[in-house]
Amino acid sequence: MPTVARNIVDTLHASGVERIYGISGDSLNGLTDALRAAGTIEWIPTRHEEAAAFAASAESQVTGELAVCAGSCGPGNLHLINGLFDAQRSRTPVLAIAAHIPSEEIGSTYFQETHPQELFRECSVYVEHVSHADQMPRLLRVAMREAIEKRGVAVLVIPGDVALADITAAAETILPTTSRVIPAETDLDRAAEVLNTCERVTILAGAGTAGAHTEMLAIAERLQAPIVHALRGKEHVEWGNPYDVGMTGLLGFSSGYRAMDVCETLLVLGSDLPYQQFYPEHAKVVQVDIRGSQIGRRTPVDVALVGTVKDTVDALLPKLDANHSSKHLKDSTEHYTKTRKDLDALATPSRRTIHPQYLTKLINEAADDDAIFLPDVGSPVVWACRYLTMNGKRRLLGSFSHGSMANAISQGIGAQMAEPEKQVIALAGDGGLAMLMGELLTITQNELPIKTVVYNNSSLNFVEVEMKAAGIVNYGTELKNPNFAKVAEAMDIKGIRVEKSEDLPAAVEEFLAHDGPALLDVVTERQELSMPPTITAEQAKGFTLYAVRTVLSGRGDELVDLAKTNFRQLL
């Protein structure tokens with residue numbers, strides 16, 4: 001008679017799950033022993049459960065299918081939470097198996113006792129405690145279906161003794177469904193009326209445009225509308241797109257901001273750009289999203305269209321006039337061309353330092369056409385947004401909604417497991433790498449050929465920029481780093497360190513050509529400013545205060561370095 005744990009393994013296998021990420025523990029013995037005995041699903045050991053959840057999140061985003069992670073009771077499953085928050089906010093299906101203390105001890109303040117069903121509630125679409133073996137088949141079915149159909153995290157809390165109990169249930173197969181969601185004709189008519197009665201329409205496109213590239217271009221052509229993309233939309237929007245005018249938001253640049261700022265009507269396609277200040281103040285807004293609850297969260301909406309972008313645009317196109325002026329589109333694309341030229345001018349070698357823009361440009365040029373890029377939160381995301389080129393085959397994944405440090409390598413593990421033949425490049429900040437540096441050992445142990453680029457500026461760099469903008473002297477952000485290349489070599493990973501621009505092109509080529517895992521430790525400029533797309537009066541005031549306070553604190557040499565590094569941006 002199979003155990004509850006074996007039923008879980010057999011159901012997951014029948015449903016297409018190939019691996020589970022986690023760290024073994026006594027409360028997980030039933031699960032790991034069932035995995036060993038079945039031999040159908042691979043157990044992927046990580047060095048931290050947070051990395052296990054990040055890896056599952058990335059695998060799910062790469063495949064679009066359910067991924068699984070597990071944590072032992074108490075601290076073990078608590079470590080999952082940050083990675084699960086990332087999966088939940090990325091809207092990708094992940095099942096987490098959170099082991100619990102022995103059933104008879106629950107409520108007694110037993111060793112390692114927590115209340116997981118309460119702790120995981122905020123980062124899941126479903127969480128339930130399995131208190132009896134007979135509950136498991138149905139609750140597993142419900143949890144998997146909730147995760148798959150709601151595109152989020154489902155958590156099953158299972159005491160170790162329940163996992164080891166016998167059960168008579170057979171394995172089940174839980175697979176995703178497909179459906180079409182289209183707005184009502186009356187709503188489409190209202191949207192068409194708004195879009196047909198103005199001249200300057202701008203499209204804001206996000207991750208919801210995945211699989212709708214043709215339809216997105218068709219409606220842009222009909223409306224003669226420039227397309228601005230949000231960060232999560234970059235990989236789906238910018239390639240093969242004559243209407244693309246760049247990104248907006250905190251990490252974007254001026255052409256995307258301007259195209260939205262001057263429009264009469266904003267058409268939002270599958271985007272949840274969170275920054276209210278980047279939406280136009282006086283434009284009408286038509287928003288398309290398959291999740292009706294998301295509509296109007298960021299800015300007031302005149303017409304709400306609940307549906308998939310692909311099907312909604314197909315239904316809307318016949319109702320749209322084709323006589324829109326091209327002036328707004330022409331002005332926006334010309335502004336983008338100039339902005340793009342200015343940005344590219346910053347990605348150049350230096351005799352004095354290594355600009356992170358130059359490093360990212362070289363990585364972009366040398367990477368495979370179907371590479372998967374995973375930037376750490378912080379300055380690596382800025383440079384990835386501006387200097388990585390998407391082509392319809394490349395992927396760009398990260399902790400873009402949750403915004404957690406240390407995501408790059410951990411997510412790289414899941415991406416590489418899901419796509420073993422593809423080039424996976426983690427763009428790691430020095431702070432992010434150090435936070436979960438043990439995952440370099442996970443890379444080695446699982447023989448994953450992940451390529452890790454370290455933006456080594458000896459600081460929490462993006463935090464420093466935020467401090468400068470607020471007029472605050474940098475404090476508490478300096479990092480004393482090792483030679484990361486030597487650290488990598490100690491873990492059986494090829495390590496390369498670069499300190500001069502002239503050595504970088506050859507190093508990037510050697511790094512990416514290496515057959516196996518490699519780490520490129522690049523000492524980049526600490527004082528590089530990643531300027532937002534528009535400078536507010538408050539930010540300008542902040543920079544002035546920063547300069548005054550820095551001089552008064554006796555650290556005026558920082559201002560000299562800042563000027564030397566960024567003077568070219570002012571030319």
Glu489 atom CD: more than 12 heavy-atom contacts under 6.0 Å: yes
Charged tip of Arg340 within 45° of Tyr387 ring normal and under 6.0 Å: yes
Euclidean distance, Gln423 CD relative to Arg394 CZ, rounded to 0.5 Å: 8.5 Å
CD-CD1 distance between Glu235 and Ile372, expressed to the nearest 0.5 angstrom: 9.5 Å
Parallel, tilted or perpendicular, as decided by the 30° and 60° cut-offs, for the rings of His79 and His48: tilted
Tyr243 (side chain) donor-acceptor with Leu329 (main chain) under 3.5 angstrom: no
Salt-bridge contact Glu525-Arg352 (side-chain N to carboxylate O under 4.0 Å): yes
Side chain to side chain, Pro45 and Asn446, heavy atoms closer than 4.5 Å: yes
Check against side chain to side chain contact (heavy atoms under 4.5 Å, CB included), Gln445 and Arg47: CA-CA 10 Å; Gln445 181 167 341; Arg47 298 306 172 107; 3.0 Å; yes
Salt bridge present between Glu419 and Arg395 (N-O < 4.0 angstrom): no
Asp370/Lys393 ion pair, N-O < 4.0 Å: no
Worked check of side-chain hydrogen bond (donor to acceptor under 3.5 Å, both in side chains) between Asp86 and Gln411: CA-CA 10 Å; Asp86 178 78; Gln411 290 185 317; 3.1 Å; yes
SB check Arg91 Asp272 (cutoff 4.0 Å): yes
Exam field: side chain Glu264 to backbone Arg200, donor-acceptor pair closer than 3.5 Å: yes
Residues His324 and Gln224: side-chain donor-acceptor under 3.5 angstrom: no
Side chain to side chain donor-acceptor pair (under 3.5 Å) against Lys310, all qualifying residues, sequence neighbours excluded: Glu215
Glu281 atom CD, neighbour heavy-atom count above 12 within 6.0 Å: no
Distance-only side-chain donor-acceptor flag, Thr360 / Tyr455, under 3.5 Å: yes
From CD1 (Ile413) to CD (Glu439), nearest 0.5 Å: 4.5 Å
Heavy-atom side-chain proximity of Ser404 to Phe85 below 4.5 angstrom: no
Test applied, side chain to side chain contact (heavy atoms under 4.5 Å, CB included); reference residue, Ile425; option that passes from Leu374, Asp368, Leu512: Leu512
Interatomic distance, Glu199 atom CD to Thr265 atom OG1 [nearest 0.5 angstrom]: 10.5 Å
